[in-house]
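Below, read A as the first sequence line, B as the second, and so on, with proteins coming before strands; counting in each chain starts at 1.
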Amino acid sequence: SAVISQKPSRDICQRGTSLTIQCQVDSQVTMMFWYRQQPGQSLTLIATANQGSEATYESGFVIDKFPISRPNLTFSTLTVSNMSPEDSSIYLCSVLLQGKAYEQYFGPGTRLTVT
Amino acid sequence: GQNIDQPTEMTATEGAIVQINCTYQTSGFNGLFWYQQHAGEAPTFLSYNVLDGLEEKGRFSSFLSRSKGYSYLLLKELQMKDSASYLCAVLPFSGGYQKVTFGIGTKLQVIP
């Protein structure tokens, strides 16, 4: 298993500002992801955070809006840039572990409200 | 692309058994996840099925039929704390770029 922490747990931000969310894992993992979950919705993958190279973004998400860093195998950051109220959501860091089978674990999430 | 379907809501009685179905159509398939998510919390990993058949973990069991693109999560001896959303998700590829795709989730309400 993996234990994941995220900071901040929640924030209220003004339109046009940026927020950086940190994700720390208690062990080295290869596969790390950032998801967004809007109220009452399922999880949408934003990007795969690649260690040592640029993140791989899903359709509808771009690096200028959601820059991601992955300096090592235990840590990643997601920045939500130039925020608008539509960015209000829960942002979740996740890791995928591959052993005998796959297991996926999530951080507690960052609840972002943009006013 | 990926298409994952599951009922949006279900209600069941405390002590009973409930089956939550999930069907999927994906371009490539490795395995299927089930997660539990209580309101306001992050999803919790329940199971990962690769092979056809039923896998049991205590009160929770998960079934997979790869040929039918079908899975279900079976919850026995329901407890009030089982009220949560249950998410079905598919891992499409077995190597290289991995990406888990989620269904919309089934909100289960357990009533006394």
Side-chain angles (χ1 to χ4, degrees), chain A residues 1-7 9-10 21 23-25 29-51 53-61 89-113, chain B residues 1-9 20 22 24 26-53 55 57 62 64 71 84-107 109:
Chain A
S1 66
V3 177
I4 306 171
S5 60
Q6 281 184 239
K7 289 195 297 187
S9 58
R10 58 178 63 227
I21 302 167
C23 174
Q24 181 74 52
V25 189
V29 295
T30 302
M31 293 176 281
M32 185 181 284
F33 308 91
W34 286 98
Y35 287 86
R36 181 169 76 181
Q37 187 173 32
Q38 295 183 309
Q41 303 295 314
S42 189
L43 284 82
T44 301
L45 181 63
I46 298 172
T48 301
N50 301 309
Q51 195 270 328
S53 63
E54 192 173 284
T56 305
Y57 290 85
E58 297 303 305
S59 175
F61 298 96
S89 187
I90 298 174
Y91 292 84
L92 294 144
C93 173
S94 173
V95 299
L96 185 64
L97 306 182
Q98 183 178 6
K100 288 184 180 179
Y102 284 94
E103 297 181 0
Q104 184 172 21
Y105 297 93
F106 288 85
T110 297
R111 185 180 295 271
L112 171 62
T113 302
Chain B
Q2 283 80 36
N3 187 35
I4 302 171
D5 290 315
Q6 48 182 137
T8 54
E9 293 183 350
I20 302 174
C22 171
Y24 61 90
T26 60
S27 52
F29 178 83
N30 183 8
L32 187 142
F33 292 93
W34 282 99
Y35 302 86
Q36 179 190 61
Q37 186 175 27
H38 285 101
E41 298 181 10
T44 302
F45 169 80
L46 292 177
S47 65
Y48 180 70
N49 290 63
V50 176
L51 303 176
D52 286 357
E55 292 194 8
K57 283 185 183 180
S62 55
L64 177 66
S71 174
S85 288
Y86 291 86
L87 305 171
C88 169
V90 170
L91 184 64
F93 302 105
S94 60
Y97 177 48
Q98 307 282 19
K99 181 175 75 172
V100 179
T101 301
F102 285 80
I104 195 169
T106 299
K107 187 174 182 180
Q109 182 181 16

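Taking the six-membered ring where tryptophan is involved, the planes of A:Y105 and B:F45 are tilted, since the angle between them lies from 30° to 60°.
Heavy atoms of A:L43 lying under 4.5 Å from chain B belong to its backbone as well as its side chain.
In plain terms, the two heavy atoms of B:Y48 and A:A101 that are nearest each other are CD2-CB, 3.9 Å. Shown here for A:G107 and B:A42, the closest heavy-atom pair between the two residues is O-CB, 3.0 Å.
Note that NZ of B:K99 is 13.5 Å distant from CG of A:L96, once rounded to the nearest 0.5 Å. Note that the CZ atom of B:F102 and the OH atom of A:Y35 stand 4.5 Å from one another [nearest 0.5 Å]. Expressed to the nearest 0.5 Å, how far CD of A:Q98 lies from CG of B:L91 amounts to 8.5 Å.
Contacts with chain B were tallied for A:S1, A:S42, A:P108; A:S42 has the most, counting heavy-atom pairs under 4.5 Å. Annotation: maximal heavy-atom pairing with chain A below 4.5 Å, among B:G40, B:G103, B:S85, B:G105, occurs at B:G103.
Under the 4.5 Å side-chain criterion, counting only non-hydrogen atoms from C-beta, B:V100 is not in contact with A:Y102.
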